Amino acid sequence: RSLQAACHPFVTFLAPMSIRVTPLGAGQHVGRSCILVEITGKRVLFDCGVSPGAKSSTEHFPELDKLTGSGKSLTQLIDVVIVSHYHLDHVGALPYLTEVLGYTGPLLMTHPTRAIAPLICRDYLKVEARNNKFGGVRYSEAAVSACFERATCMQLHERVVLDGLAITPFYAGHVLGAVMILLEHRSKSALYTGDFTMVAEHYLSAAKVPLALRPDVLITEATCCTTVRSSKRAKEQDFCRKIQETLENGGKVLIPIPSIGRGQEICLACDRHWERAGLSYPMYAISGGMAERGLNFFRLFASWSSDLVRKTEEPFNFNHVRMCDLEDVIDSDAPMVVFAGPSMLQAGVSLSLFRKWAPDRRNLVSFAGYCLPGTIGHFVQAKVQKINIDADTTIQVRCSVDYLSHSDHTDSRGILQLISQVVPRHVVLVHGSDKMMQVFQPIVKRRLGVPCSTPAQGECAEIFAGEAMAQEVLVSPDLVRSARSVPCPPAPPNPHLELTPSVCPPSAEFAGLFMQRKRAAGDANGALELVGKSARSASSAGMRVHTLRYRHEVTALASATFQKAWAELAHELRRAELPFRWDPAEPPWNRALQSGHQFSLTLLSNMQCCIRPSSNTGHWKATVDWTDEDERLCPAVAPFLDAFGEA
């Protein structure tokens, strides 16, 4: 009775919530990954790639036109674009999205992806310009630079919050900088895997995701969902043994590899085999700028590599692999191994060597990964004897063909292992062939008891993540009085719910502790109650409130550095409509001040910055105190604190 007297009833209606997953690319096929996820009012676009082996222009790029039919701009329609890794089928159409179609909203990726992806896109432009397919390329090199300059980088496990949408990247293996992304918004969540591997490689670790994340939906790749791979070490030994036999019989070996990524993995495996077997046959990697720059990026971001590479003093310095030019090897008769790109023989150095060496029965073409349908590499892997390179050139393939099937995509066991590990409520398969996913889908349902969808291109998979419900919540009168009314658009009409007036306006904002307590001895379920955030309110609920406070001090901060940092912070605070106050006033930046003066900057109620003149002319002493109570400050204050770190 006293509890009812102290609190007002407050009825909250929750409409049925669903998560919608629409493949604009990679729906029941491999290539041009582009997945639109709509989660409780937020629209997130994962990846934006191309299909190098497409047969028509409509199959080359994602179906981005499905986003532009409403008359609104892409920036209005998409809240954020997130890139999982730098492979062409995940990033190749990104400059087209930003610089041609005009998307200017948030763009997130990791540091290795931001560094390496421009190289991949520029190399793609050169290949497309030579091939002149589909009427030429759709964007320029200048667009590539402008696109990635606007990108914001994420750290592993860093929780980025954009207008209430939380984004957390996890290590995915596969290639340097690849991540899985967890979305969280209004108690609903989705995990997007991109491409990943659950088995450690020579230079990369296996994917690392927290146990029992329990997302409402898991969106996972299914490239190799019907494959069960044998021992990787045994496959690599067999791969190297066939190369050695070819060399001993006087033949030459061409290994088409991507210049960045899988190529370093294969070079490491061959280099170690040469060391163990004591071989002296030359191994060459064709130089040309991209390979060397890619290798430098791997050295720079070695912290993303496996434990073995991190413990090596000079990672990726190969003892038996040397750089050379195409002219040095193409006409040579000596046995040798040549690593050359691109990996699918679309054009470039690898295709030139293939033209020259394929007709000789002594030679070997050994692929190190999967080739997309429609590419020359795909026809070679299928053991096609005559291959049309272009309208005027047909090659007779007489050389041996080998394929190291242990690609950097996870197999069926890895996908099932991930599903068991994160325990999703629903699974959506993308980035896999239709036939393979039809086989794998019932396995997921039968073995793990998890609903599974395989949406086609442009088809929407809708996952209901909660039922409509109404719940009485007891709210303290002081919270009702202190509720701050915020602008709120009218809710869309819902025929399933009948809204009734409540004590507070529908747009009232509360900040408190949400708990469940018993109202009577016989009430097993209890009632929901919202109490204040103060220590007194928490104590009455049987809880303690711990507030973390941080402090950062700089004794000699240049006045110009602080002024620039403050100008950027003030712009962000005004844009986000976050309150701040100088006491007694904003410092006069352009004139010297005597010691004893002090200026305090207060942001909301959680952060305070005190500055005072230093004994050094033109410098300040600065102290920053802040707490963890309000995440709205984080995006705005981060660059401000970075300026202190630089000082």
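If you're wondering where the values come from, they're calculated on a predicted model, not measured in any experiment.
- Between the side chains of Asp411 and Thr227, no donor N or O sits under 3.5 Å from an acceptor N or O.
- With contacts defined as side-chain heavy-atom distances shorter than 4.5 Å, the pair Leu108/Ile167 qualifies.
- The six-membered or imidazole ring of His87 lies near that of His174, with a centre-to-centre distance under 6.0 Å.
- Annotation: side chain of Cys48 is in contact with side chain of Pro62 (closest heavy-atom distance under 4.5 Å).
- Between Thr226 atom OG1 and Lys435 atom NZ the span is 12.0 Å, to the nearest 0.5 Å.
- At a threshold of 4.0 Å, the pair Arg425-Asp216 counts as salt-bridged, since one of the basic side-chain nitrogens sits closer than that to a carboxylate oxygen.
- Under the 3.5 Å distance criterion, the side-chain polar atoms of Gln381 are left unmatched by any main-chain donor or acceptor of His378.
- When every heavy atom of Ala172 is checked against every heavy atom of Thr193, the shortest pair comes out as CB-O, 4.5 Å.
- Side-chain contact between Leu191 and Met180 is present, with at least one heavy-atom pair separated by less than 4.5 Å.
- Rounding to the nearest 0.5 Å gives a distance of 14.5 Å between CZ of Arg413 and SG of Cys225.
- Side-chain atoms of Thr454 never come within 3.5 Å of backbone atoms of Met437 as a donor-acceptor pair (strictly under, hydrogens ignored).
- Side-chain contact check for Val37 versus Ile35: some heavy-atom pair is nearer than 4.5 Å.
- Of all non-hydrogen atoms in Leu218 and Pro424, the two that sit nearest each other are CB-CB, 3.7 Å.
- Between Asp163 and Lys42 there is a salt bridge, since at least one side-chain N of the basic residue sits less than 4.0 Å from a carboxylate O of the acidic one.
- The two residues Pro23 and Pro455 come nearest to each other via the heavy atoms CG-CG, 3.7 Å.
- Taken to the nearest 0.5 Å, the OG1 atom of Thr110 stands 4.5 Å off from the CH2 atom of Trp304.
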Run the side-chain contact (heavy atoms from CB on, under 4.5 Å) test on Val209 and Tyr171 for me, step by step, so that the C-alpha distance in whole Å, both residues' side-chain angles and the decisive distance to 0.1 Å come before the verdict. CA-CA 7 Å; Val209 187; Tyr171 189 86; over 6 Å; no
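- Arg114 contributes a side-chain N or O that, together with a main-chain N or O of Phe148, makes up a donor-acceptor pair within less than 3.5 Å.
- When every heavy atom of Phe196 is checked against every heavy atom of Glu221, the shortest pair comes out as N-OE2, 3.1 Å.
- Within the 4.5 Å cutoff, side-chain heavy atoms of Leu36 are placed close to those of Arg43.
- Glu99 has a carboxylate O that lies under 4.0 Å from a charged side-chain N of Arg150, or vice versa, which qualifies the two as a salt bridge.
- Counting only distance, with no hydrogens or angles, the side chain of Asp47 and the backbone of Ser84 share a donor-acceptor pair below 3.5 Å.
- Remark: the His409 side chain and the Thr197 side chain contain no N/O donor-acceptor pair separated by less than 3.5 Å.
- Distance check, rounded to the nearest 0.5 Å: CD1 of Ile19 to CD1 of Ile39 gives 4.5 Å.
- Evaluated for a side-chain hydrogen bond (donor to acceptor under 3.5 Å, both in side chains) with Ser453, the options Glu459, Gln441, His426 yield exactly one hit, His426.
- Ser420 contributes a side-chain N or O that, together with a main-chain N or O of Leu416, makes up a donor-acceptor pair within less than 3.5 Å.
- Taking the six-membered ring for Trp and the full ring otherwise, the centers of Tyr403 and Phe367 sit at least 6.0 Å from each other.
- A side-chain N or O of Glu462 and one of Ser18 form a donor-acceptor pair less than 3.5 Å apart.
- The minimum heavy-atom distance linking Phe440 with Ser412 is given by the pair CE1-CB, 3.9 Å.
- Note on ring orientation: taking the six-membered ring where Trp is involved, the planes of His85 and His90 are tilted (angle from 30° to 60°).
- In the model, Thr40 has a side-chain atom that pairs as donor or acceptor with a side-chain atom of His185 under 3.5 Å.
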Pair Thr220, Val428 - check side-chain contact (heavy atoms from CB on, under 4.5 Å), show working. CA-CA 6 Å; Thr220 176; Val428 175; over 6 Å; no
What do the steps show when you test Ile219 against Val430 for side-chain contact (heavy atoms from CB on, under 4.5 Å), and what is the final call? CA-CA 7 Å; Ile219 308 163; Val430 296; 4.0 Å; yes
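- Nearest heavy-atom pair, Gly414 versus Thr410, reported as atom, atom and distance to 0.1 Å: CA-OG1, 3.2 Å.
- The distance from atom SG of Cys121 to atom CD1 of Ile116, rounded to the nearest 0.5 Å, is 12.0 Å.
- Remark: the backbone N or O of Gly49 is not paired with any side-chain donor or acceptor of Arg32 at under 3.5 angstrom.
- The shortest side-chain heavy-atom distance between Thr168 and Val160 does not fall under the 4.5 Å cut-off.
- Side-chain atoms of Thr223 never come within 3.5 Å of backbone atoms of Gly432 as a donor-acceptor pair (strictly under, hydrogens ignored).
- For the pair Val179 and Ile82, the minimum side-chain heavy-atom distance is 4.5 Å or more.
- When ring centroids are compared, Phe170 and His157 come within the 6.0 Å threshold.
- With hydrogens and angles disregarded, no donor-acceptor distance shorter than 3.5 Å links the side chain of Gln237 to the backbone of Ala234.
- Here Arg159 pairs with Glu184 in a salt bridge; the nearest charged N to carboxylate O distance falls below 4.0 Å.
- Side-chain contact check for Ser306 and Ser205: no donor-acceptor pair (N or O, by modelled atom type) lies under 3.5 Å.
- Side-chain contact between Pro106 and Thr152 is absent, with no heavy-atom pair separated by less than 4.5 Å.
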When you look at Phe46 and Val81, which way does the side-chain contact (heavy atoms from CB on, under 4.5 Å) test go after all the steps? CA-CA 6 Å; Phe46 287 112; Val81 175; over 6 Å; no
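- Going from atom CD of Gln457 over to atom SG of Cys34 covers 8.5 Å, rounded to the nearest 0.5 Å.
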